[in-house]
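Notes follow the structure.
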Amino acid sequence: MLEVQDLRKYFPVRGGVFMRVVGWIRAVDGVSLSVRRGETFGLVGESGSGKTTLGRVVMKLIEPTSGRIFFDGKEITSLKGKELLQLRREMQIVFQDPYKALHPKKRVKDIVGEPLLIHEKLNDTEVRDRVSEMLKLVGLNPEHVDRYPHEFSGGQRQRIVIARALILRPKFLVLDEPTSALDVSVQAKVLNLLSDLKDKFGLTYLLITHNMAVVNHFSDRVGVMYLGKLVEVAPTEELFGNPAHPYTMGLMSSIPIPDPKLAKSRRKIVLIGEIPSPVNPPVGCRFHTRCPYAKDICRKEEPIMEEVSSSHYTSCHFWRELVPP
Ligand code: SF4
C-alpha cells in the first residue's frame, strides 16, 4: 500500500544577521520501509526520532528533501494541485491532540462534513445525513451534529477527529499518537474503536507512537526509529520476543510490568541521557553515545541493515552477540 525509498527531510537552521542557512536538522535521514495492504505498521521511538516528520512527509503535508514515496502502486513524491487533492481522499491523518485538531467555533457537522463539501459537493441535508451516520459508527450520538467541540470530552473529541478522517472512506490512515493526549481510562476505548473500524472499512494504518505497550497491542509489524533512521523492523511478536537492537531493548525496558516481583527481577537496558541533536548526529552508529555495548567500530562505521530472520532486520554491528534482557 505504501512504500518509501531512502526518504530524507532536512529543515534549515538559520542564524546570523542575514538569517543565512547555517546547518540542517536531519529529521528523517534515509528511511526505506513499506506498509502492506490491510496491516497496522507501528513506528516507535522517543520524541526527536523523526517519526512524526516521516508521517507528515508520507501524507504530503510537507515536501521531502529527497527520496521517493509510492502509494497504492503509484509514485506520489511530487504530486501537486488536483492530483494531490484526489490523494487526500485516500490518505488521511489523525492528529495527536483532539483539543487542537478541532476548530472551536465550528459545529461538528461542519468539522466532519467539510471534506464532503470540498470533494463531493453535497448539499446541506446530504452532509448532515452522512455526518450523522459517521458519528454513529464512531460511537457518538448522531443527534449531536450541531454541538461544538467544547461540549465533548477528550475521548469524544478524538472520535470526532476519527469521524472526519473517515468521512471520505479513505484506504490509509496515519495515526499520529492518537491516544497520547487522552486519559488512560479512554485510551483503550479509542484504540479498540480504531481496531474495529480497520476491520469494518478494510483500512491500512501507519501508527506513530512512543508507547511500546500500544504498539505491541495494536500493530502487525513494527519499525523502530532513532535520530532520523530506522534501526530495526520486524513482525510485532518477533520484535518483542527477540529484539536485536540495543535501542529496541532499551525501549522495551521502559514498559511497566504490573507484577512487582517480576518487575524487580527483570534485567533492564536503561536509556541514559537525551537523544542527540539531529543537526550534528554522532558519526558511525548514531546510537553509540547511549549504547551500553558500544565499541570502537561503532564510533567510526555506520552499521547497515542486516537480516536477523525472515522479515526481521536490524542495523547494529553486534546484533549476533547480544542477548536481550
Ligand atoms: Fe550499540 Fe554499536 Fe550496535 Fe550501535 S552498532 S547499537 S553502538 S553495539
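We count ligands from 1, going down the list as the structure has it; atoms in each ligand are counted the same way. Only this structure's heavy atoms are used, side chains among them; waters, hydrogens and symmetry mates stay out.
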Exercise for the section: Classify the ring geometry between His150 and Tyr148 as parallel (under 30°), tilted (30 to 60°) or perpendicular (over 60°). Expected result: parallel

Problem - Ring center gap for Tyr293 and Phe318 short of 6.0 angstrom - result: no

Practice task
Nearest heavy atom to atom 7 (S) of ligand 1 wins, so pick from Cys298, Ala244, Gly250, Pro282.
Solution key: Cys298

Exercise for the section: Give a yes or no on whether His245 keeps an N, O or S atom under 2.8 Å from atom 4 (Fe) of ligand 1. Expected result: no

Completion exercise
heavy-atom search around atom 3 (Fe) of ligand 1 in the protein gives Cys316 SG, 2.3 Å

Handout entry: Test item: side-chain donor near acceptor, Ser309 and Glu238, under 3.5 Å
Key = yes

Practice task
Around atom 4 (Fe) of ligand 1, find the nearest protein heavy atom and jot down its residue, atom name and distance.
Solution key: Cys285 SG, 2.4 Å

Exercise for the section: Answer yes or no for Cys291: is there an N/O/S atom below the 2.8 Å cut-off from atom 1 (Fe) of ligand 1? Expected result: yes

Handout entry: Cationic tip of Lys9 above Phe11 ring, under 6.0 Å, 45° of axis
Key = yes

Completion exercise
re atom 5 (S) of ligand 1, the protein heavy-atom contact at minimum distance is His317 N, 3.3 Å

Exercise for the section: Please could you name the atoms of ligand 1 that Phe318 approaches to less than 4.0 Å, counting only its heavy atoms? Expected result: 8 (S)

Exercise for the section: Could you check whether the rings of Trp24 and Tyr10 sit parallel, tilted or perpendicular, using 30° and 60° as the cut-offs? Expected result: tilted

Exercise for the section: Check the side chains of Glu3 and Gln5 for a donor-acceptor pair under 3.5 angstrom, ignoring hydrogens and angles. Expected result: yes

